[in-house]
Amino acid sequence: MAQKPSIPKGTRDFNPQEVAKRNYIFNTIRSQFEIFGFQPIETPSFENSDTLMGKYGEEGDRLIFKILNSGDYLSKVKDELYQIKDSNKITSSISEKALRYDLTVPFARYVVQHQNEIDFPFKRYQIQPVWRADRPQKGRFREFFQCDADVVGSNSLWQEVEFVQLYDAVFTALGLHGVTIKINNRKILSGIAEVIGAQDKLIDFTVALDKLDKIGEAKVKEEMLSKGIPQSGIDTLQPLFSLSGDFGTQVSELKSILETSEEGKKGIEELEFINTGIETLGLETATLQLDVTLARGLNYYTGAIFEVAAPEGVTMGSIGGGGRYDDLTGIFGLKDMSGVGISFGLDRIALVLEDLGLFPVTITNTVKVLFINFGEAEAMASMKAVKALRTHGVSAELFPDKKKTIKQFNYANKRDIPFVVLLGESELASNTYTLKNMGSGEQQQVSLEQLISALQ
RNA sequence: GUGGUUGUAGCUCAGCUGGUUAGAGCGUCGGUUUGUGGUACCGAAAGUCGCCGGUUCGAACCCGGUCUUCCACCCCA
């Protein structure tokens, strides 16, 4: 080994066991998506830069992986641009493509580009990797999978109700019980900002509010003051900081704060609709919780905002998120197209399931039966049986070399192969097969027909 | 992007204040005679001590840079 090979930070290799576990999650999510009526699409790994740039805010732009142009890209840079050495400005002239940052913006692009072939409302799901030039941490990678389901072309709040049901269905199917689906509404946040006279400081206000459970009431107020939110406004917020109790009590508190805000009242109405729907339909294992401090993805959400927290006791960032964006496709020129969707963070879900030991034991896929190799004639006979088994849908293989049987048995063990067949001289003579169950150690002499039926 | 942290055989880690051939457990491989494992015994291989440079008579150990790990911000799945 001349040089130790490595992979870029924030990326990972997956061994067969890990792939099996990940596929288990993929399959579970996919089947729930389809049960709920979503259809799959796929989009390219990279897009034109102008499709992505500016869609995720300044912070987002920084985290987008840019792809260097091919050829002699520097020759196309204007001299004066080159002289001032401003990376941001030069980037646009040396990079015209960028890696997909999420699945929502490419989906919006897709909808606009294919609007004439799509029947609205369009329910699509998409399970693909995305890339972010972020600094890795636990549960935070530079290449990771998102599993998105979105509906575009419907304003109905039933969609929001459905998505809460979908979250519940997926996490229930994965055996991950007790997740909290937090819900909030952009209109409520805007309403509050309006009431306290900080409409123009909505982002600052929500960013500060979002930190409530992390840094505490006093520091949040401090931050709000420093951002120029008046003390009088903060005082009107007082009930907000001690908001607790069930959905109903929280909502009535909110109502009193938002009396004077039309938008705020609209937000409350929406929340109540969704909550009533969920209360009537019920949830299997998840809990729906109103969280007015929830303020993720505010760049484009306009209505409901969702975030899923892992069950208590697990330290992990959110394992899912989503919301309503009234003007999803507007940036690409298609007006009045409301979208709402949710996302599952596959990689984080995998970490949580691993932590809690919730992966089923049977998911590692291995071959069902291994034939011991005793030599040329025996191998040929074995291959015939292997072929017969395969046509009956039984995964089977012959150990390729005539090694000591102890080695061959060890190999079967390590690969967790449940059955071994010995086909040697004596079996050949009697036209039988010795089938050994590696779990129990039992073995029996059987005919080919019995072998097939025993393994099917 | 800011601040911190980590990096020694395939894996988990030892390695005293810089001093001769860098260690252990697990794993791997081979053997314990010929067709039987997962649990025995014997033996072996395997490390440019992340990488580059510096200080020193001498560096795994000190200094600088760089990459990587994890963490806190930021942001997010």
Side-chain angles (χ1 to χ4, degrees), chain A residues 1-12 15 25 29 56-64 87-88 101-104 127-148 167 203 206-207 210-211 214-215 223 294-299 305-310 315-323 341-352 370-375 378 382 399 402-428 434-443:
Chain A
M1 211 175 357
Q3 203 183 346
K4 278 194 180 172
S6 64
I7 54 175
K9 71 172 163 190
T11 65
R12 296 147 298 157
N15 65 33
I25 303 175
I29 293 176
Y56 308 100
E58 210 175 307
E59 186 70 17
D61 280 359
R62 207 194 74 215
L63 298 177
I64 293 174
S87 305
N88 283 331
Y101 176 88
D102 72 355
L103 300 177
T104 305
I127 299 178
Q128 291 191 277
V130 302
W131 294 269
R132 294 183 188 178
D134 213 342
R135 262 206 205 176
Q137 285 180 32
K138 196 174 201 76
R140 183 165 179 170
F141 308 99
R142 305 221 289 185
E143 175 182 67
F144 61 97
F145 268 82
Q146 287 194 331
C147 312
D148 276 30
Y167 267 139
I203 301 287
T206 50
V207 165
D210 192 46
K211 295 179 186 163
K214 211 170 194 173
I215 62 176
E223 182 167 333
L294 179 61
R296 293 291 169 85
L298 219 58
N299 282 325
I305 303 171
F306 298 112
E307 182 172 311
V308 182
T315 345
M316 180 62 63
S318 63
I319 54 177
I342 59 172
S343 180
F344 292 82
L346 173 107
D347 302 83
R348 287 184 179 178
I349 293 172
L351 288 171
V352 171
L370 177 77
F371 280 66
I372 301 294
N373 192 327
F374 287 111
E378 290 91 339
S382 295
F399 193 89
K402 181 184 183 279
K403 277 203 188 170
K404 291 189 157 188
T405 37
I406 191 170
K407 305 284 174 208
Q408 302 192 39
F409 269 90
N410 268 328
Y411 178 76
N413 260 335
K414 277 185 218 144
R415 279 189 59 195
D416 281 322
I417 299 173
F419 293 97
V420 163
V421 167
L422 296 103
L423 178 54
E425 222 175 321
S426 60
E427 286 88 350
L428 266 186
T434 299
L435 174 64
K436 173 160 182 157
N437 180 322
M438 294 297 279
S440 64
E442 290 167 15
Q443 55 187 63

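Numbers restart at 1 for each chain; the letters A, B, ... are given by sequence-line order, proteins then strands. All heavy atoms count here, side chains included; hydrogens, waters and symmetry mates do not. Keep in mind that what you see is a predicted model, and the values were worked out from it rather than measured.
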Per-nucleotide protein contact string for nucleotides 69-75 of chain B, where B marks a base within reach and S marks sugar-phosphate only (heavy atoms under 4.0 Å, - for neither): SSSBBBB
Could you measure between the two [atom1] atoms, the one in [N] and the one in [M], and give it in whole Å?
{"N": "C51(B)", "M": "G7(B)", "atom1": "P", "answer": "13 Å"}
{"N": "C75(B)", "M": "C62(B)", "atom1": "C1'", "answer": "38 Å"}
{"N": "C71(B)", "M": "G64(B)", "atom1": "C1'", "answer": "24 Å"}
{"N": "U39(B)", "M": "G27(B)", "atom1": "P", "answer": "8 Å"}
{"N": "U69(B)", "M": "U33(B)", "atom1": "C1'", "answer": "50 Å"}
{"N": "C63(B)", "M": "G47(B)", "atom1": "C1'", "answer": "25 Å"}
{"N": "U12(B)", "M": "C70(B)", "atom1": "P", "answer": "12 Å"}
{"N": "A14(B)", "M": "A24(B)", "atom1": "C1'", "answer": "7 Å"}

So what does [X] touch, heavy atoms closer than 4.0 Å: a base, only the sugar-phosphate, or nothing?
{"X": "I406(A)", "result": "sugar-phosphate"}
{"X": "G317(A)", "result": "nothing"}
{"X": "G441(A)", "result": "base"}

Which sits closer to the 5' end of RNA chain B, K436(A) or D347(A), going by the nucleotide each is nearest to?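 Taking each residue's closest nucleotide, the earlier one in sequence belongs to K436(A).
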By nearest-heavy-atom nucleotide on RNA chain B, the more 5' of T405(A) and Q146(A) is T405(A)
Go through the structure and list residues passing ring-ring contact (aromatic ring centres under 6.0 Å, His included) with [X], not counting sequence neighbours.
{"X": "F141(A)", "answer": "none"}
{"X": "F144(A)", "answer": "none"}
{"X": "F419(A)", "answer": "none"}
{"X": "F344(A)", "answer": "F33(A), Y167(A), F171(A)"}

In whole angstrom, what separates [X]'s [atom1] from [N]'s [atom2]?
{"X": "L351(A)", "N": "A77(B)", "atom1": "CG", "atom2": "C1'", "result": "11 Å"}
{"X": "F306(A)", "N": "C76(B)", "atom1": "CZ", "atom2": "P", "result": "17 Å"}
{"X": "R132(A)", "N": "G1(B)", "atom1": "CZ", "atom2": "P", "result": "17 Å"}
{"X": "E307(A)", "N": "A77(B)", "atom1": "CD", "atom2": "P", "result": "8 Å"}
{"X": "E143(A)", "N": "A77(B)", "atom1": "CD", "atom2": "C1'", "result": "14 Å"}
{"X": "F409(A)", "N": "G37(B)", "atom1": "CZ", "atom2": "P", "result": "8 Å"}
{"X": "I372(A)", "N": "G37(B)", "atom1": "CD1", "atom2": "C1'", "result": "9 Å"}
{"X": "L422(A)", "N": "G37(B)", "atom1": "CG", "atom2": "C1'", "result": "11 Å"}

Are F374(A) and G35(B) stacked, counting the six-membered base ring, centres under 5.5 Å, planes under 30°?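 No.
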Partner set under side chain to side chain donor-acceptor pair (under 3.5 Å) for [X], not counting sequence neighbours:
{"X": "Y56(A)", "answer": "D102(A)"}
{"X": "E143(A)", "answer": "W131(A)"}
{"X": "N437(A)", "answer": "none"}
{"X": "E378(A)", "answer": "none"}

Do T434(A) and V421(A) come within less than 4.5 Å of each other through their side chains, counting heavy atoms only? no
When you compare the protein's N or O atoms with those of nucleotides 25-31 of chain B, which come within less than 3.5 Å of each other, and at what distance?
| unit_1 | atom_1 | unit_2 | atom_2 | d |
| --- | --- | --- | --- | --- |
| U28(B) | OP1 | K414(A) | NZ | 3.4 |
| G30(B) | OP2 | K407(A) | NZ | 3.2 |

With distance as the sole test, does [X] use its side chain to make a donor-acceptor pair with the main-chain N or O of [Y] at under 3.5 Å?
{"X": "R348(A)", "Y": "I319(A)", "answer": "no"}
{"X": "R142(A)", "Y": "K9(A)", "answer": "yes"}
{"X": "N373(A)", "Y": "F399(A)", "answer": "yes"}

Distance-only donor-acceptor test (3.5 Å): side chain Q443(A), base U36(B): yes
Listing request: all salt bridge (charged side-chain N to carboxylate O under 4.0 Å, His left out) pairs with a residue in residues 403-414 of chain A, at least two apart in sequence or in separate chains. none
Stems in RNA chain B: runs of 3 or more consecutive Watson-Crick or G-U pairs, distances under 3.5 Å?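 Result, WC/G-U stems under 3.5 Å: B:1-4 with B:70-73, B:10-13 with B:23-26, B:28-32 with B:40-44, B:50-54 with B:62-66.
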Please tell me which of the listed nucleotides, C76(B), U36(B), G35(B), lies nearest to the side chain of E427(A)?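 Ranking C76(B), U36(B), G35(B) by closest atom to the E427(A) side chain puts G35(B) first.
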